[in-house]
Amino acid sequence: MKKKLLATILAAVMALSMTACSKTEPAANSEAADNAVDTAVAEETGASGDATDGFYLSEAEGGKTTDTFTIWVGWTSECPDDTKVQQAMREKLGIDYKLEFMQSDDILTTVNLKLSSGAELPDVMLFGYNPEVASALLGADRVMNLNDIYESDKVPNIKAIDDRIKDFIKDENGDMWYIPGWYAMEYDEPWGGWTTDAWWVRSDLMEQTGITEEQLSTIEGMEEALKKFAQCKDENGKPVIPLSFVQGDGQERIILSTFGVDTKAGVSRMPAVMKKGGEFVFIYDNPDYKAAYQWMNKMYREGLIDMEATTMQSERYQEKIKSGQVAVAITDVWSGQMFADGMTQDSVAQYFKPVANPKVEGVEKAYTSYVDPNPQNMIFINKDTKNLNAVLNFLNWANEAEPIRQQELNEGPVGTYWDFTTDMKWKFDDDYEVERNSGDQARVDACTPQLYQFAAYSNQWYPWFEQDLDVITLGQELVQKYCIEVGEKLVNHRSITDLDKVKLNSESVVSENLEALNAVVKEYTAKMIMAKTDAEFEDAYDAFLKQIDLRADWNAMKEEWLEAYQEQFG
């Protein structure tokens with residue numbers, strides 16, 4: 001009875017936490033908590049049934065919900081064994097987990113090595129969506145079939161997951177092998193995400209050269225602006241680089257979208273497919289793709305694009321942006337790092353502002369990303385786990401449709417290291433905030449392993465935008481401002497379509513050829529950008545089309561995708 005009583009009290013406290021964090025005004029007094037626990041005690045002492053029952057299985061089969069379980073996390077980290085958040089989860093919710101991180105960024109190789117060694121696997125495995133990783137785990141017969149769990153009333157939050165999410169998870173046989181992570185609570189109206197892709201232009205240089213935003217609204221006007229920016233000097237008296245990006249790092253997507261090319265790969269990881277005039281148009285066959293690189297080549301030959309664009313690393317790019325060497329950056333705020341921690345009032349990077357894609361005659365707007373409500377992470381359960389009750393208790397809690405759940409998974413239960421202030425704003429505990437926002441990764445790691453990926457996200461409340469900051473840094477202020485501006489006004493993302501939803505398995509032609517394809521694309525787009533003449537550009541483009549088929553079986557990839565589309569949506 002004591003064991004069941006403890007579990008019920010913990011559940012009551014959790015329920016109070018969930019209620020306090022809904023869209024209604026949060027309850028923040030200890031009397032409410034005491035009443036909830038008293039009610040739980042009364043209900044438990046009057047309940048009937050076997051006191052040795054477990055959460056999902058009997059305790060003899062599945063252990064206690066408070067037992068320690070292990071999680072294999074699909075990325076590298078230097079987090080210590082027991083972070084502050086783990087301690088709070090254990091003490092406040094009775095959820096006790098230990099973490100094992102990857103030792104290499106090569107996730108698939110790491111997984112295969114562990115599987116081939118026959119080593120014992122953790123109870124839970126969290127990975128970014130990756131069909132190859134899923135195939136490896138299933139092929140080794142090391143993970144649990146979850147069909148029955150999805151139908152069980154014992155885990156109501158998992159059972160209540162949107163049927164469309166479940167359909168996405170199902171394999172070709174209708175089986176479900178993982179719990180979703182980081183998916184949209186509001187499937188039809190998902191949160192737009194961190195869509196900050198834009199042309200970022202220095203407003204101080206616009207003022208200096210007399211360039212207006214209206215002039216930047218066309219590609220011809222942008223070209224004239226770049227020529228004027230080329231006459232400006234940085235603080236060291238050197239000419240400013242008119243336009244910069246890192247070729248091969250995905251940043252060209254913003255220029256490609258300007259020329260009418262969607263750039264985001266589908267769920268199958270097949271490079272972007274569009275539909276024009278009723279016909280399917282694959283990205284590398286798209287005439288607008290060629291036109292975009294012709295424009296980049298023209299700018300490069302005129303000295304208006306960074307001469308290091310095809311060779312520099314991202315760190316070099318970020319340094320150029322921060323030091324005032326660049327006038328226009330093609331990037332997002334995370335890759336460009338223009339508003340990173342440490343930014344001061346006299347930093348030249350503060351003058352970067354996003355502008356709309358300049359219009360190209362005869363081209364319709366295209367997008368660099370789409371909003372996908374489907375899971376971005378896969379959460380597998382070891383088929384041999386001895387801690388299934390603890391695992392499912394945690395995953396059921398993580399999947400409750402509460403907007404604050406991602407915050408609790410990342411920073412601990414509400415009322416520990418963070419709490420509500422007014423109007424659903426929140427603040428860190430003072431001592432925790434000192435460490436959490438220290439900028440020292442070791443100190444941050446000691447606070448939290450940052451496991452928000454176990455939760456869903458909501459368009460009703462997103463913690464990053466709801467923080468109640470007494471003192472907000474200039475960088476934080478600008479990121480918040482421009483996330484909203486790009487996401488709501490410039491809008492370089494769209495909703496997911498059937499073209500994006502096509503699914504292929506890990507043995508597909510697409511999966512087998514992606515690495516080779518990406519290598520060819522990176523090699524030949526660099527040649528196109530750097531071509532010295534129009535004829536040399538044409539030669540590079542023609543060679544590109546031949547090589548993607550010769551080295552990456554591009555035509556077979558397209559045929560496979562078309563067949564899958566017709567089968568799944570035709």
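The model shown is predicted, which means the values in this text are computed figures rather than measured ones.
- Listed by chain and residue number, Lys383 satisfy the side-chain hydrogen bond (donor to acceptor under 3.5 Å, both in side chains) test with Asp141 (two or more places apart in sequence, or in another chain).
- Among residue pairs with one or both ends in residues 101-110, none qualify as salt bridge (charged side-chain N to carboxylate O under 4.0 Å, His left out); sequence neighbours excluded.
- Looking at Tyr183, its side chain never comes within 3.5 Å of a backbone N or O of Asn377 through a donor-acceptor pair.
- Between Trp72 and Phe127, the ring-plane angle classifies as perpendicular under the 30° and 60° cut-offs.
- In this structure Lys84 satisfies the side chain to side chain contact (heavy atoms under 4.5 Å, CB included) test together with Tyr417, Tyr432, Cys447, sequence neighbours excluded.
- With sequence neighbours excluded, the residues forming a ring pair (Phe, Tyr, Trp, His ring centres under 6.0 Å) with Phe569 are Tyr565, listed by chain and number.
- No donor-acceptor pair under 3.5 Å is formed between the side chain of Ser335 and the backbone N or O of Asp332.
- Note on ring orientation: taking the six-membered ring where Trp is involved, the planes of Phe69 and Tyr97 are tilted (angle from 30° to 60°).
- For Tyr541 and Tyr293, the ring centers sit 6.0 Å or farther from each other.
- Remark: side-chain polar atoms of Trp191 are not paired, donor with acceptor, to backbone N or O of Tyr462 under 3.5 angstrom.
- Shown here is Lys114, whose NZ atom has more than 12 heavy atoms of other residues, nucleotides or ligands within 6.0 Å.
- For Tyr187 and Phe168, the ring centers are positioned 6.0 Å apart or more.
- When the ring pair (Phe, Tyr, Trp, His ring centres under 6.0 Å) test is applied to Trp182, the partners found at least two apart in sequence or on another chain are Tyr452, Tyr457.
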Would Met102 and Trp75 count as a side-chain contact (heavy atoms from CB on, under 4.5 Å) here? Give the steps. CA-CA 5 Å; Met102 291 281 150; Trp75 54 85; 5.6 Å; no

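- Residues in residues 510-522 take part in no salt bridge (charged side-chain N to carboxylate O under 4.0 Å, His left out) pair, two or more places apart or across chains.
- For the pair Arg253 (side chain) and Gly250 (backbone), a donor-acceptor distance under 3.5 Å is present.
- Using modelled atom types, no side-chain atom of Asp288 and backbone atom of Ala291 make a donor-acceptor pair closer than 3.5 Å.
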